[in-house]
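Notes for the one structure printed next.
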Amino acid sequence: MSRLEAKKPPLFISEPLTRDAVSQSLSLLSGILKSSYGPAGRLKQLHNGVGGCVCTTSQSSALLGHLSVSQPVLRVLTASVLNHVSRFSDCGLFTAILCCGFIENFRSLNVAPFTVIKISKHLLSLCMDHLRSEACGCRVSVDFSSVGTLVCLVRSILTSKPACMLNKTEVDHLTSLVLKAFIFTVPCHVETNAVLGKCVIIPVKGRRVVDSTVLPGLLIETPEIQLGKPLAVKRTVSNLIKIALFSVSMSGDGFNPEEGTIAVHHGVSLEVSELNQLLNVGKQLVEDEVGLVVCQKVMHPSLKQYLKENSVIAVDRAGLCLMEPLGHMTGNRPPIASIHSLSPGCYGSLKDLCIKSFAPKHFLHLIPEDTVICSLILCNRSETAWDELKRVCETAEHVLQLTVKEPLALLGGGCTETHLASYIRHKSSVLPASTFKDLDCSQTQYQLVAEGFCRSLESVARSLSHDGEEILTDMVYGHCWFVPSGPPCVSRWSDLVSKCGCGMNGNSEDLSWRFLQGQSGSPVIQGCPKEPSVKVADLLTLDCFAAKCSGLQVALETANLILDLSYIIEEQN
């Protein structure tokens with residue numbers, strides 16, 4: 001058949017960052033992300049325009065996941081940030097805003113991209129060495145023998161997303177629940193290769209947030225459970241409940257055609273044969289003293305009735321998501337994948353079984369011997385707020401897991417960004433001439449790139465202001481300070497500011513504040529920013545160390561990749 005339309009040649013776009021369409025798209029994306037950043041960030045409502053789900057959020061994973069991006073440059077940026085979020089769950093907006101800042105500041109310099117990339121990599125190494133140094137003034141050690149720092153870390157995550165619509169009492173309640181759930185997942189007996197457990201979030205929408213609770217073990221929703229009747233369950237001699245966990249269908253609806261061809265003798269019913277096999281499995285389960293049978297898929301009604309008559313509780317349609325934590329909790333790993341052979345060692349065990357009710361839902365509560373799996377019954381008033389809260393609680397759990405591996409945190413509230421900018425300005429002004437020779441650049445080029453690097457960091461801190469507040473930085477610690485819009489005429493800044501963005505420094509000493517300026521140059525701080533000797537607030541604003549360090553690296557690497565683009569080739573057919 002002849003072509004209806006002639007084949008078009010590929011479209012070559014040279015120097016894409018100089019194109020107005022790319023610049024406008026990048027500026028628009030940057031504006032959306034900046035306006036969503038922080039506890040006072042503005043919410044975004046995303047929908048596909050032809051009906052369906054509406055998402056109200058300020059989270060990077062939801063924002064970038066729902067946005068339809070057509071520009072190849074922006075696709076690179078969003079894919080890079082989403083990959084970071086998939087690995088660390090936190091600091092997605094920080095990474096995206098910083099990346100946009102790097103691109104905006106670096107491309108305006110009269111310096112070759114290759115030179116900018118070399119210098120920026122050196123600046124990144126200075127930042128990373130400083131952040132991993134004991135002398136770093138924006139790093140906090142996390143002591144797991146006390147919950148104080150952990151409370152600050154979780155609270156900072158919960159309060160960073162306004163779509164959760166939480167008041168102070170609800171934040172306090174959820175902070176304690178998230179920490180309690182995390183402690184449940186830490187093994188009591190530490191082995192060489194210790195593995196953290198899992199917190200399973202159970203949705204209960206339309207209830208108050210303070211009705212949320214956390215329970216050891218797993219909850220499986222079972223609408224057919226009758227609350228009035230006592231739960232009679234078969235136990236072993238050791239007073240444990242033996243559990244059989246099936247990942248295969250037990251519906252008796254025929255064999256899987258993928259298993260091959262089946263030869264059936266004349267007069268033999270395949271359905272009856274399958275049901276008989278299921279009943280034989282049921283008899284073996286009864287003989288093996290199994291007290292609970294959980295099936296990932298559908299279970300035949302006759303088998304369920306047979307098990308019930310023999311005091312065996314049967315639960316079907318458990319779903320794929322529960323199989324991994326169920327197996328981990330009961331020791332039933334891997335789940336039974338065939339109904340044709342059951343070995344004595346294929347069962348797991350439970351300590352106890354009871355019924356829990358969180359109106360209007362009823363659950364079977366599986367209580368393990370050793371608690372490494374727990375259930376967080378998460379309540380919120382509306383579906384939109386619950387969806388956002390679920391994402392936030394999952395982020396908090398992941399951040400705590402990352403903090404176990406690397407027990408450090410970074411100061412939040414814009415203070416880490418302004419501190420790093422102060423440090424880089426100081427460090428770049430005292431570098432030896434050999435550094436510029438090694439980088440094959442002039443001192444002027446290095447200073448230009450360093451200033452663009454610092455302005456990009458400061459642009460993240462400025463993004464926390466959404467109501468016209470003035471933003472200051474001090475000349476001693478390099479922290480970030482917010483002054484309410486329309487300040488009264490006073491002779492001293494200390495009369496207007498009470499504490500810095502992270503809450504560590506107060507206004508008790510003269511810190512020589514200055515405005516955190518925009519694109520214009522800022523004066524170099526004389527001397528390296530110091531580490532605060534006194535901690536004013538018990539409730540600091542903290543960020544995940546691992547996530548923020550990764551975000552800083554991803555932002556710069558992605559920006560350098562985009563700056564190095566000389567052509568975009570688009571297939572037109």
*Show your reasoning for whether salt bridge (charged side-chain N to carboxylate O under 4.0 Å, His left out) applies to Arg155 and Asp172.*
CA-CA 8 Å; Arg155 176 188 290 274; Asp172 292 341; 2.4 Å; yes

_Please determine whether side-chain contact (heavy atoms from CB on, under 4.5 Å) holds for the pair Asp211 and Val204, giving the CA-CA distance in whole Å, both sets of side-chain angles, and the decisive distance to 0.1 Å._
CA-CA 9 Å; Asp211 292 333; Val204 178; over 6 Å; no

*Evaluate the salt bridge (charged side-chain N to carboxylate O under 4.0 Å, His left out) criterion for residues Lys205 and Glu383: first the C-alpha distance (whole Å), next the side-chain angles of each, then the deciding distance (0.1 Å), finally the verdict.*
CA-CA 6 Å; Lys205 300 170 187 176; Glu383 186 169 352; 3.8 Å; yes

*Between Leu67 and Leu46, does a side-chain contact (heavy atoms from CB on, under 4.5 Å) hold up when you go through it step by step?*
CA-CA 8 Å; Leu67 281 177; Leu46 302 153; 4.0 Å; yes

*May I have the step-by-step check of side-chain contact (heavy atoms from CB on, under 4.5 Å) for Met299 and Val293, ending in yes or no?*
CA-CA 10 Å; Met299 190 181 293; Val293 178; 3.8 Å; yes

*Go through Glu394 and Lys390 one step at a time and tell me if the salt bridge (charged side-chain N to carboxylate O under 4.0 Å, His left out) criterion holds.*
CA-CA 6 Å; Glu394 289 172 340; Lys390 176 178 181 286; 2.7 Å; yes

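A donor-acceptor contact closer than 3.5 angstrom is absent between the side chains of Thr416 and Lys548. Neither side chain, Ser247 nor Gln296, offers a donor N or O lying under 3.5 Å from an acceptor on the other. Thr236 and Ser238 share a side-chain donor-acceptor pair at under 3.5 Å.
Partner of Thr95 under the side-chain contact (heavy atoms from CB on, under 4.5 Å) criterion, out of Val85, Val81, Leu82, Leu77: Val81 alone. Screening Ile202, Leu174, Val209 for a side-chain contact (heavy atoms from CB on, under 4.5 Å) involving Leu378 leaves a single residue, Leu174.
Residues Val154 and Leu177 are not in side-chain contact: their nearest non-hydrogen atoms beyond the backbone lie 4.5 Å or more apart. Contact annotation: the side chain of Glu170 never approaches that of Cys164 to less than 4.5 Å [non-hydrogen atoms, C-beta and beyond]. Put simply, the side chain of Thr185 does not reach to within 4.5 Å of the side chain of Lys198, judged on heavy atoms. Here the side chains of Thr330 and Val294 are not in contact, with every heavy-atom distance at 4.5 Å or above. Val404 has its side chain out of reach of Val186: every pair of non-hydrogen atoms, C-beta onward, lies at least 4.5 Å apart. Ile339 has its side chain within reach of Leu278: a pair of non-hydrogen atoms, C-beta onward, lies under 4.5 Å apart. No side-chain heavy atom of Val178 sits under 4.5 Å from any side-chain heavy atom of Phe182. Between Met250 and Val281 there is a side-chain heavy-atom pair separated by less than 4.5 Å.
Between the NE2 atom in His66 and the SG atom in Cys55 there is a gap of 4.5 Å [rounded to 0.5 Å].
Looking at Ser357, its side chain never comes within 3.5 Å of a backbone N or O of His362 through a donor-acceptor pair. One N or O on the side chain of Lys242 and one on the backbone of Asp288 form a donor-acceptor pair closer than 3.5 Å. Checking side-chain atoms of Glu388 against main-chain N and O of Lys161 turns up no donor-acceptor pair under 3.5 Å.
In terms of the side chain to side chain donor-acceptor pair (under 3.5 Å) criterion, residue partners of Ser349 (sequence neighbours excluded) are, by chain and number, Glu369.
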For a quick test of your reading: what N or O donor-acceptor pairs under 3.5 Å do the side chains of residues 550-558 make, sequence neighbours left out?
unit_1: Ser550; atom_1: OG; unit_2: His84; atom_2: ND1; d: 3.1
unit_1: Thr558; atom_1: OG1; unit_2: Ser80; atom_2: OG; d: 2.6
unit_1: Thr558; atom_1: OG1; unit_2: Val554; atom_2: O; d: 2.7

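Under a cut-off of 6.0 angstrom, the local environment of CZ in Arg381 is crowded, with over 12 non-hydrogen atoms contributed by other residues, nucleotides or ligands.
For Leu63 against Ser36, the heavy-atom pair with the smallest separation is CD1-OG, 3.7 Å.
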